[in-house]
Number of protein chains: 2
Amino acid sequence: MESRIERIKKQLHSSSYKLTPQREATVRVLLEREEDHLSAEDVYLLVKEKAPEIGLATVYRTLELLTELKIVDKINFGDGVSRYDLRKEGAAHFHHHLVCIECGSVAEIEDDLLEDVEQIVERDFNFKIKDHRLTFHGICYRCQEKEQKEDEQ
Amino acid sequence: MESRIERIKKQLHSSSYKLTPQREATVRVLLEREEDHLSAEDVYLLVKEKAPEIGLATVYRTLELLTELKIVDKINFGDGVSRYDLRKEGAAHFHHHLVCIECGSVAEIEDDLLEDVEQIVERDFNFKIKDHRLTFHGICYRCQEKEQKEDEQ
DNA sequence: ATTCCTGCAAAATGTTTGCAGTCAG
DNA sequence: CTGACTGCAAACATTTTGCAGGAAT
């Protein structure tokens, strides 16, 4: 069984890039924190724990490279910070996000909910879709419960 | 018939803000360029043509205010720049965008295509949706035609 | 030797803030 | 007079770049 990291290594090689120790450390952090949506700074601090000599610029360059190769997705929730998110393997499309406007938590949805919508857009607007980004802003179930309890009192 | 600007004025007043000349000039630019997706800098330069004494900070403060009052939407297409887009009057939801990865053009879709999807999300994920952002990345019809012609040669 | 990659520092970019002055009620 | 608003400049945060040195082939 080939590991995820080895497959990423091959992806890099097939575009004539190397998996240097710094790049590997960065990828490992992203793998370990797959559920999160880390900023470049976050990644930098976590990588620094394993490889203290790494520079922030290298992290940026690595994340840019991984974005180019579609290994990670660069997203932006409206605060001024870019966040980086590993693509699920084999996922043709970007996954969707549920951002809670109360607590700021971010959940992911893997389901491809947009097939019908994309058909409509491609047909009606004659637009050839390559990718999409869908984010819902609202209130997560935890904050809903919290509000209910407060109302009861 | 009440003008759009007057209605915006009332919206400001009802939250105890004034429609100062600078704010009015800013809103007028947004009205005139409703189809575009202007950055703060873009807005600043256009406002400066009418009111050269205005400062960039004022434009930022005005755009922030208008965003707060949901008169404009602040959007981000992944380059590091925030763009500002007048909300259609009465639109409960953010409209959608088609971003062309060839020429960078941005088209808007007013149709609410997400009603079904939102029902699924609210039910399956127990998430109370307040707003959404949907952007498709792909190739617009103009660039598709261009590519076809190149292929024919 | 050549090419790619790195760390550091400096620069660039986009946005926010502090402050003194202005304006309207 | 008071509070809201403004322009300017400085500060700030994030990201990118230039460069000299290093590692791999």
Side-chain angles (χ1 to χ4, degrees), chain A residues 8-29 37-69 71-85, chain B residues 8-29 37-69 71-85:
Chain A
I8 289 174
K9 187 172 181 176
K10 283 190 184 169
Q11 272 184 275
L12 287 173
H13 284 168
S14 71
S15 305
S16 358
Y17 294 112
K18 295 169 200 163
L19 185 64
T20 62
Q22 291 90 335
R23 288 179 182 164
E24 183 170 341
T26 305
V27 171
R28 282 192 189 283
V29 163
H37 301 80
L38 303 173
S39 68
E41 184 84 27
D42 295 337
V43 175
Y44 172 61
L45 293 173
L46 288 166
V47 174
K48 235 176 149 49
E49 290 175 13
K50 313 181 170 200
E53 73 291 352
I54 200 169
L56 179 56
T58 301
V59 172
Y60 270 104
R61 285 187 278 233
T62 301
L63 291 171
E64 193 195 357
L65 177 61
L66 295 172
T67 304
E68 223 167 82
L69 298 180
I71 294 167
V72 311
D73 284 308
K74 187 176 176 179
I75 43 179
N76 201 301
F77 292 130
D79 52 348
V81 199
S82 292
R83 296 174 181 281
Y84 298 85
D85 211 1
Chain B
I8 289 173
K9 188 173 179 176
K10 282 188 182 166
Q11 271 184 275
L12 287 174
H13 284 167
S14 71
S15 304
S16 0
Y17 295 112
K18 295 170 201 163
L19 185 64
T20 62
Q22 291 90 337
R23 287 178 183 167
E24 183 171 339
T26 305
V27 172
R28 283 192 190 283
V29 162
H37 301 79
L38 304 172
S39 67
E41 184 85 26
D42 295 337
V43 174
Y44 172 61
L45 292 173
L46 289 166
V47 174
K48 232 175 153 50
E49 290 176 13
K50 313 181 171 199
E53 73 290 353
I54 201 171
L56 180 56
T58 302
V59 172
Y60 270 104
R61 285 187 279 233
T62 301
L63 290 171
E64 194 195 355
L65 177 61
L66 295 172
T67 304
E68 223 167 79
L69 297 179
I71 295 167
V72 311
D73 283 309
K74 187 175 177 180
I75 43 179
N76 202 300
F77 292 131
D79 52 350
V81 198
S82 292
R83 297 175 181 281
Y84 299 85
D85 213 1

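Letters go in sequence order (proteins before strands), and every chain restarts at 1.
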Please report, rounded to the nearest Å, how far the C1' atom of D:dT6 is from the CD atom of B:Glu24.
16 Å
Give a yes/no on whether any side-chain N or O of B:Tyr60 is located under 4.0 angstrom from OP1 or OP2 of C:dT15.
yes
Enumerate the residue pairs fulfilling side chain to side chain donor-acceptor pair (under 3.5 Å) with a member in residues 9-18 of chain A, sequence neighbours excluded, ordered by first and then second residue.
A:Glu2-A:Lys10
Spacing of B:Asp42 atom CG and B:His37 atom NE2 [to the nearest 0.5 Å]:
12.0 Å
Nearest whole angstrom, please: distance from the P of D:dT25 to the NE2 of A:His13.
9 Å
Nearest heavy atoms of A:Leu63 and A:Val72, plus distance in Å
O-CG2, 4.1 Å
For A:Glu41 and D:dT16, what is the distance between atoms CD and P respectively, to the nearest whole Å?
14 Å
Nearest 0.5 Å, what's the OH-OG distance between B:Tyr84 and B:Ser39?
9.0 Å
Can you tell me the distance, in whole Å, between the CG atom of A:Asn76 and the P atom of D:dA13?
18 Å
Whole-Å distance, B:Asp79 CG to D:dT16 C1', equals 15 Å
Measure across B:Val59 and B:Ala40 and return the closest heavy-atom pair with its distance rounded to 0.1 Å.
CG1-O, 3.9 Å
Any base atoms under 4.0 Å from B:Ser82, or only sugar-phosphate, or nothing? Heavy atoms, all strands.
sugar-phosphate
B:Leu45 CG to C:dG14 C1', straight-line distance once rounded to whole Å:
14 Å
Could you give all pairs that pass the side chain to side chain donor-acceptor pair (under 3.5 Å) test and reach residues 54-64 of chain B, with sequence neighbours left out?
none
Indicate for each nucleotide in nucleotides 3-13 of chain C, in 5' to 3' sequence, whether protein heavy atoms under 4.0 Å reach the base (B), only the sugar-phosphate (S), or nothing (-).
--SSBB-----
